[in-house]
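Heads up: the structure comes next, in structure tokens.
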Amino acid sequence: MDRRDFLKACSTVAVASMIDPFVFSNLLSAQEGMFKAYKKALLVKEDGSPLREEDLKPHNAYIFFYPHASAPCYLIDLGEEVKPVDVKLKDGKTYKWQGGVGSKKSIVAYSAICAHQWSYPTKQYSINYYPPDKPSETTKKSGIIQCCAHLGVYDPREGGKVVDGPPEVPLASVVIQEEGGKFYAIGILGVDQFS
Ligand code: FES
């Protein structure tokens, strides 16, 4: 994604609005400290109306901000079902990533702040999603999220697992809940580096 596309994506999905405190499910509460609930937030479009599944173009990475106004995240419709997987950490700990949401279970969300040294989308450096038909020019990999700072590569179909490069922990995922066709961010799953 170049700068122009990034700005286009930014304008499509705006900051989530804060609503009622979240009561999380047994599944998430059993993640042995790998899930952290933040305030439940409705994902909205630039005009303030709730984001709907049909607003998402497959393989376009939309930016929203969560759990803080300065923390960019990606929302991506990967176009086909993305199944839950176990994500392993270097210390042997494992947590279950929830897979995609939406009618096709194809929508995923991740932090856009690299888990290595916290690069985030700017003019100079960026962490981008490369769709299956548009491989990265540097690593030649596609269908991945790649950080251009030190070429850390993550797999969005596998809970943000590290595929290549120096990151030692997976990309943190944003847990998205669908209710009546609307999407809510409810917390962060993975190694929480937000403070
Ligand atoms: S900061 Fe992203 S790979 Fe180093």
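Throughout, residue positions are numbered sequentially from 1 according to the sequence presented. Indexing begins at 1, ligand by ligand and atom by atom, following the structure's order.
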>> Let me check your reading of the structure: within less than 2.8 Å of atom 2 (Fe) of ligand 1, is there an N/O/S atom from C147?
In response: yes
>> List ligand 1 atoms under 4.0 Å from G152, heavy atoms only on the residue side.
In response: 3 (S)
>> For K182, is there an ion pair with E53 - N to carboxylate O distance below 4.0 angstrom?
In response: no
>> Applying salt bridge (charged side-chain N to carboxylate O under 4.0 Å, His left out) to D55 and K45, what does each step give before you reach the verdict?
In response: CA-CA 9 Å; D55 297 318; K45 294 185 285 187; 3.4 Å; yes
> What atoms in ligand 1 come closer than 4.0 Å to a heavy atom of C114?
Replying inline: 1 (S), 2 (Fe), 3 (S)
>> Do L151 and Y129 land in one hydrophobic cluster if side-chain heavy atoms of ILVMFWY residues count as linked below 4.5 Å?
In response: no
> Taking NZ, NE, NH1 and NH2 as the nitrogens, is one of them in E179 or K40 under 4.0 Å from a carboxylate oxygen of the other?
Replying inline: yes
> atom 4 (Fe) of ligand 1 as vertex, arms to ND1 of H116 and ND1 of H150: angle to 10°?
Replying inline: 100°
>> Tell me the protein heavy atom at minimum distance from atom 1 (S) of ligand 1, and give that distance in Å.
In response: Q117 N, 3.3 Å
> Got a second to check how far K104's NZ is from E81's CD, nearest 0.5 Å?
Replying inline: 11.0 Å
> Going by the atom numbers of ligand 1, which of them fall below 4.0 Å from some non-hydrogen atom of A149?
Replying inline: 1 (S)
